[in-house]
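Before any comments, here is the structure.
Scope of the values below: all heavy atoms of this structure, side chains included, with no hydrogens, waters or symmetry mates. Below, read A as the first sequence line, B as the second, and so on, with proteins coming before strands; counting in each chain starts at 1.
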There are 2 protein chains.
Amino acid sequence: MARIVKDPEIRRTEIIDIAEELFLKSGYNETAVSDIVKRVGVSQGTFYYYFKSKEDILNAIIERYIYDIKMGVKAIAAKDDINAIEKIMAFFDFLNNMDQGKEKLIDYFHEDQNVHLHARFEKNVPSNIIPPFCQMIEEGVQEDLFDTKYPEMAALSIIGTTFAISHWMYDKEDRAGSTKKIMSAIFDLIERILGAEPGIFMEYAMKTEGAK
Amino acid sequence: MARIVKDPEIRRTEIIDIAEELFLKSGYNETAVSDIVKRVGVSQGTFYYYFKSKEDILNAIIERYIYDIKMGVKAIAAKDDINAIEKIMAFFDFLNNMDQGKEKLIDYFHEDQNVHLHARFEKNVPSNIIPPFCQMIEEGVQEDLFDTKYPEMAALSIIGTTFAISHWMYDKEDRAGSTKKIMSAIFDLIERILGAEPGIFMEYAMKTEGAK
DNA sequence: GATGGACTGACTGACTGTCAGTCAATTTAT
DNA sequence: ATAAATTGACTGACAGTCAGTCAGTCCATC
């Protein structure tokens with residue numbers, strides 16, 4: 001085949017892009033390295049010139065997600081025109097709306113074939129978002145919006161709660177169920193964990209919705 | 001090789017036992033089906049007579065853990081000589097002390113080679129323990145020990161929080177750190193989530209420890 | 001109550017196809 | 001000239017298959 005030399009940075013990104021697309025379409029185990037290189041139009045050897053194993057490219061893909069999330073959260077945490085409650089809500093909004101092309105990332109991740117992606121994702125998210133999230137909580141404590149002695153644990157608890165509930169919802173058939181009740185429950189939990197005034201998150205949510 | 005016919009139930013258990021041992025020792029990916037059958041002393045064909053794939057036996061192993069947990073939790077939930085707080089504490093005690101031979105299951109699962117087992121485990125635990133756990137919480141609400149409108153969500157939140165914190169702890173080097181502070185934080189979170197009187201879990205914990 | 005033949009389903013192990021990963025050779029860029 | 005990028009045929013390992021074997025059971029017959 002005609003040999004095409006590209007800037008390594010571009011080649012690497014190219015391979016990651018295709019690998020990500022195929023992993024999401026068919027699953028990690030079901031995608032062969034040979035499928036990836038065929039689509040990219042390079043040899044098997046080139047793949048292993050850039051990645052030391054198939055597992056390695058999975059990590060590269062996850063790292064990219066994590067990087068995006070980290071940047072997004074940092075940006076929210078750094079804002080100075082909104083308070084801690086609004087930041088936390090903006091944070092959830094950001095996570096929910098992160099997408100990958102046309103479909104929501106979160107939907108992809110919950111498909112059964114992607115347990116591999118999903119597990120790795122959830123394993124790496126906390127260490128990256130806990131610090132800025134924790135900062136938001138500490139800010140809220142200083143503003144007297146929250147009341148907790150353990151901001152880091154509260155951050156972990158909220159992230160863990162979110163994961164658990166989102167899995168739970170996806171495993172249940174009647175997912176459409178009653179979104180409102182679930183929202184109320186989640187807000188209630190967050191308020192309790194943070195020691196915020198009961199109902200205050202819902203209040204803010206209504207306000208924002210009204211502004212749209 | 002000499003052909004030895006056994007009761008299918010026994011053969012199946014035998015294969016699961018060895019597979020579990022090898023998966024925990026060397027990891028799922030690093031254990032070949034051929035390794036398993038060599039140890040059991042049967043042919044490759046026998047393996048596939050009992051399990052439709054390598055993935056399938058992993059499920060069988062997880063199902064066994066889940067079954068044990070389910071039974072343990074049900075037993076605790078059914079007790080009538082202790083109150084809801086004591087039940088919840090007994091439940092955590094039970095989970096923490098579940099072992100597989102000499103090592104604690106939770107320690108095994110956090111070893112890097114066992115991500116596969118671990119992910120599958122955490123995916124399946126909630127749907128099995130939420131119902132009895134939820135029942136304990138409702139009981140606590142009736143006894144006026146807890147105060148929540150969303151017992152199921154509270155159960156999910158506590159499980160999610162527990163997972164998140166345990167991952168967090170295992171990822172940090174300085175794990176030995178300050179167990180007491182972490183215990184206080186976890187109790188604080190549980191009390192908030194359940195709407196229990198602040199400090200009541202710690203109180204019960206001290207009482208139980210004193211009794212020993 | 002022994003003999004044997006039909007039958008079942010547990011079990012065998014050599015075989016196949018696939019795939020992750022390697023490497024010596026080759027081309028391109030500086 | 002040298003280094004960096006690229007090739008693709010090759011290897012070894014492994015999951016999964018399949019045609020066939022054999023232990024044990026059931027039951028008809030003497």
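DNA chain C is contacted by A:Q44, A:G45, A:Y48, A:S53, A:K54 of residues 44-55 of chain A, taking any non-hydrogen atom closer than 4.0 Å. Of the residues in residues 17-32 of chain B, none lies under 4.0 Å from DNA chain C by heavy-atom distance.
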Requested in this report: Scan nucleotides 25-30 of chain C nucleotide by nucleotide, 5' to 3', and note B when protein non-hydrogen atoms come under 4.0 Å of the base, S if they reach only the sugar-phosphate, - if neither.
Outcome: -BBS--

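Contact annotation: B:S43 reaches the phosphate of C:dT12 (side-chain N/O to OP1 or OP2, under 4.0 Å). Regarding contacts with the backbone of D:dA5, every side-chain N or O of A:R11 stays at 4.0 angstrom or more from both OP1 and OP2.
Rounded to an integer number of Å, the gap from A:L58 CG to C:dA20 C1' is 15 Å. The distance from atom CD1 of A:I4 to atom P of D:dG8 is 11 Å, rounded to the nearest whole Å. A straight line from CD of B:E14 to P of C:dC11 spans 9 Å, rounded to a whole angstrom. A straight line from NZ of B:K6 to P of D:dT25 spans 16 Å, rounded to a whole angstrom. Atoms CD1 (B:I36) and P (D:dC14) sit 12 Å apart, rounded to a whole Å. Nucleotide C:dG9 holds its C1' atom 13 Å from the CG atom of B:D7, rounded to whole Å.
Residues in residues 59-68 of chain B take part in these salt bridge (Lys or Arg N to Asp or Glu O under 4.0 Å) pairs, two or more places apart or across chains: B:D17-B:R64, B:E20-B:R64.
Between the side chains of B:Y28 and B:N114, no donor-acceptor pair of N or O atoms lies under 3.5 Å. A:N124 and A:Y65 share no donor-acceptor pair across their side chains, judged by distance under 3.5 Å alone. Judged purely by distance below 3.5 Å, without hydrogens or angles, the side chains of B:N83 and B:Y204 pair a donor atom with an acceptor atom.
Scanning for side chain to side chain donor-acceptor pair (under 3.5 Å) contacts around B:R120 gives B:E55, B:N59, with sequence neighbours left out. Remark: B:T31 pairs with no residue by the side chain to side chain donor-acceptor pair (under 3.5 Å) rule, at least two apart or across chains.
Of the charged side-chain nitrogens involved, none lies within less than 4.0 Å of a carboxylate oxygen, so that A:E86 and A:K79 do not count as a salt-bridged pair.
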**Report entry** From CA spacing to verdict: salt bridge (Lys or Arg N to Asp or Glu O under 4.0 Å), A:R11, A:E14
**Finding:** CA-CA 5 Å; A:R11 200 18 63 90; A:E14 212 174 53; 3.0 Å; yes

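Under the 30°/60° scheme for interplanar angles, the aromatic rings of B:Y170 and B:H110 are found to lie parallel. Relative orientation of the A:F163 and A:H167 rings is parallel, given thresholds of 30° and 60° on the angle between their planes.
Side-chain proximity of B:V33 to the nucleotides D:dT7, D:dA15, D:dT6 is greatest for D:dA15.
Nearest heavy atom pair, residue B:G160 against residue A:A164, reads CA-CB, 3.8 Å.
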